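Structure first, commentary second.
Predicted model only: the values in this text are computed from it and were never measured.
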Amino acid sequence: MINSPLSNTRLQFTLESESRGSRARAATFQTPHGVVETPIFMPVGTQATVKAQTVDSLKTAGARLLLANTYHLLLRPGSDVFKKFGGIHRFMNWDGPVVTDSGGFQIFSLPHSRAMDENGARFRSYVDGKMYLLSPESSIAMQQTIGSDIMIVLDQCIPSTAAYDEAQAAMELTHRWALRALNARANSPAALFGIVQGGGHQELRKASAEFLRDLPFDGLAIGGLAVGESHAERYDLTERVTEHLPAHLPRYLMGVGTPIDLLEAVHRGVDMFDCIIPTQLAQRGVAFTSLGKLQLRRTVHKFIDEPVDTACHCPSCQQYSRAYMHHLIKSDELLGWHLLGMHNLAFYHRLMGEMRERILAGDFNAYYQQKRLELLRSDEDNPIRRPKKAKVSHPARLGDYELHRSAQGFYSIRQISSGEIMHSVTAPSEEANKLYVEQPGLVARLMKREDSLDELVIWDVGLGAGANAMAAIHCFESCYKENGGNNLRAVRLLSFERNLDPLILATKHPGCLPYLRHGAPSKILAHGSWQHTSNLLHWELLKGDFRDFIDSANIPELISYDPFSIKTGAELWTGEIFARIFSRCAAKPAELYTYSASTAVRVALLSAGFFVAQGVASGPKSETTIAFCRAESATQHPLAPRLLDQKWLARWRRSEAKFPATISQEEKARFSTLIESHRQFLNAL
Ligand SMILES: [Zn+2]
C-alpha cells in the first residue's frame with residue numbers, strides 16, 4: 001500500500017495500487033457518508049433521482065456514489081427545500097456519498113438564455129422565468145445547502161473543438177473562479193474538486209493541470225471532454241492531462257462515457273466517472289451485455305426465453321426473459337426502462353469492480369487487452385446487416401432545387417436558377433439552432449411565466465427545407481422530455497412558404513439532412529399541419545405569398561425571418577413589408593431575427609419602426625440582425641444585444657448603399673427623415 005505523505009485531510013485519499021504497463025490505479029477515500037473505492041462509476045441523479053431507479057435498485061445494482069446536479073436542483077426544488085430537509089441525503093433517502101457538479105456544464109452547453117462576465121453567469125430559469133446569477137461563490141453556497149460530500153468549482157465549459165484563444169480565455173477564467181471557489185469553501189467539511197480546462201489544446205491542458213495541482217483542492221476533475229472531439233482525441237488528451245496530475249488526488253473525468261471509454265480512461269489513470277448513458281440508453285432499449293451491446297427493440301428478441309445477459313446476476317436478468325424485456329421496451333412501458341436501467345447500471349458497476357480487482361491483483365494490463373475487444377463487440381448472435389450507405393450519384397433535383405454538398409461535407413438545398421444555397425455556411429440545423437433557437441432564448445420562452453401564460457406564436461418566414469422549424473420543434477421536444485408538459489407554454493409554429501419543392505426534395509434525403517428524421521415534415525407536407533402528441537405544439541403551413549398572410553396570421557412573439565436574400569427576392573425585404581409586420585405586432589413585444597446584416601435590410605427595419613440590434617455571428621458573417629418592436633426588449637434580452645448607435649448612423653450617412661434598392665427617388669427624403677429621427681438614435685436611449 002502506497003501512503004502518500006501529501007494525502008489530504010478531507011478525503012484521506014489512499015493510493016492502494018498502481019499497474020505496470022498501464023497508468024491504471026486503485027485507491028480509497030473517505031467521505032462523511034462512507035468509504036469510496038476507485039475506480040468508480042457514479043450514476044447521474046440530475047433531479048435528486050437517477051432516472052427510473054429507486055435508492056434500493058441503485059444499491060442492488062452496485063451504486064456507491066451518486067452525482068447530483070446543482071443547476072437543476074437550484075431551480076427546483078430550490079435551496080429552501082434542502083435547508084428544510086438538512087440536505088440531499090435525507091431528502092432523497094440516499095445514505096451514501098454524493099458529488100454535486102457546479103452547474104457550469106449546463107449553463108454553458110445547453111441552449112439557455114444567459115449572459116456571462118467575470119462575476120459569473122446570469123440566466124433565466126426554465127422553471128419560473130426568474131433571473132439567477134451563478135457565480136463561483138453562489139455555486140459553492142448552493143452545493144453546501146444541498147449538502148454534498150464532494151463539491152465542484154464553477155468552470156467555463158467550452159467545446160473541446162474551440163480555438164486556442166477561446167480555450168485559453170475560458171481556462172484562465174476557470175482558474176480565477178477556482179481561487180474564488182476555494183475562498184468561498186473556507187472551512188466547510190465538504191471536499192472540493194478543481195476542474196482542468198483548456199479545450200483540445202495539450203499545452204493549455206498541461207498549464208491548467210499545473211496551475212490547479214498547487215492549490216488546496218481535494219481532487220481534480222477533467223472537464224470539457226466528451227463535447228465534440230473524437231474518441232481517439234479524447235483518450236489522448238486524457239492521458240496528456242493525467243500525466244500532469246498529482247498522484248495523491250482523485251481524478252474525475254466528467255461526463256464520460258460508454259463502457260469502452262471507461263476502460264480506456266482507467267487505463268490512462270482516471271479514478272472517477274459519471275454518465276447518463278446507462279439509464280438513458282435503457283430508455284431507448286439498449287442493453288450492455290457480456291456479448292456486446294444489444295438493441296432490445298429488434299424483433300430477433302421476441303421469442304428468446306433467456307435473460308438479457310446470461311452472465312449477469314442483476315434482478316432483471318434473474319427474473320425476466322429477453323422476450324419480456326423486448327415486449328416492455330416495444331410498448332414503452334416504464335417497467336422496461338426501470339429494469340433495463342438497473343441492468344445497465346449493474347453492468348457498469350461490475351465493470352468498474354472487475355477493473356479494481358485486476359489492478360489490485362496486479363494484472364490489469366492483460367485484462368485491459370482482452371476486455372477492450374469484448375467491449376467493442378455488438379450483438380454477435382444477431383449481427384445487424386448494415387444497409388448500403390446512401391449515396392448521391394448525381395445531384396438529386398426537384399423543380400428549381402437540388403441537393404448540394406458543401407466542401408465541409410454537409411448537405412443543403414440550393415436554388416438552381418439563383419445559385420443561392422439555404423444555410424450555406426454551416427450545416428442547416430447548426431445555423432438554425434444558433435440564430436433562431438439559442439439566440440432568442442427559445443428554451444426560456446417555452447417555460448410558463450406569470451406574465452406570459454398565453455400561447456407562444458412563432459413565425460417561420462421561409463420554410464425552405466424546414467431547418468428552422470425543425471430546430472424549434474427539436475428544442476420544444478427536448479424541453480418537454482426534460483420538464484414534462486406542466487411547465488410548458490402552448491406553441492403555435494406558423495411556417496410561410498410559396499414553394500414546397502425544397503422540403504419535398506429534402507425529405508427524400510433524410511440521410512443527408514438528419515434533422516428531417518422526424519414524423520413532422522411528412523405530415524406538414526401531406527396535411528399542412530402537425531401536432532405534438534402532448535397537443536402543446538401545433539405546426540401549421542401557410543402556403544402562398546407571405547405578404548398575403550401578414551394581416552391575418554396569429555400575432556407572433558418571435559419571427560425567424562429567413563426568406564431568400566435581397567438579391568434573389570427583394571420583395572420580402574422592403575420597408576413597406578417590415579412596416580406591415582411591425583403594425584401587425586404592435587400589440588406584442590415581438591422580436592424578429594434574421595441572418596442578414598446588410599445596411600439596406602437594417603434601414604428598411606428602422607424605417608418600419610423597429611429597434612435594430614446586432615445579432616450573433618454565424619459562420620463567416622460577423623454579425624446578424626435582431627429587430628425589436630419595443631426598445632426595452634433589447635435591454636431585457638439575456639444576450640444584451642447592442643442597438644445600432646450614433647456611430648452606425650454616422651457610417652450610414654456616408655454609405656453608398658444607403659437605401660433599399662426598391663426605393664424611389666422621391667421616397668428617399670422621407671426615408672432619411674425616418675431614420676434620422678428614429679428614437680433609437682436619440683440620446684435618451
Ligand atoms: Zn442484468
Counting only N and O atoms by type, is there a donor-acceptor contact under 3.5 Å from the side chain of [X] to the main-chain atoms of [Y]?
X: His474; Y: Ala469; value: no
X: Gln156; Y: Gly104; value: no
X: Arg372; Y: Ile260; value: no
X: Arg492; Y: His538; value: no
X: Ser102; Y: Val153; value: yes

| Over 12 non-hydrogen atoms of neighbours within 6.0 angstrom of CG in Leu373 |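 Atom CG in Leu373 is packed in, count exceeds 12.
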
| So which of Arg64, Arg90, Lys59 actually passes salt bridge (Lys or Arg N to Asp or Glu O under 4.0 Å) with Asp95? |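 The option that passes is Lys59.
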
Between [X] and [Y], does the ring centre distance come in under 6.0 Å?
X: Phe41; Y: Tyr348; result: yes
X: Tyr480; Y: His532; result: yes
X: Phe193; Y: Phe217; result: no
X: Phe82; Y: Phe91; result: yes
X: Trp539; Y: His527; result: no

| query | Out of curiosity, Met342 CE to Asp56 CG, how far, rounded to the nearest 0.5 Å? | reply |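 These two atoms lie 10.5 Å from each other.
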
| Parallel, tilted or perpendicular: which fits the ring planes of Phe364 and His267, with parallel below 30° and perpendicular above 60°? |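 If you compare the ring of Phe364 with that of His267, the planes turn out parallel.
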
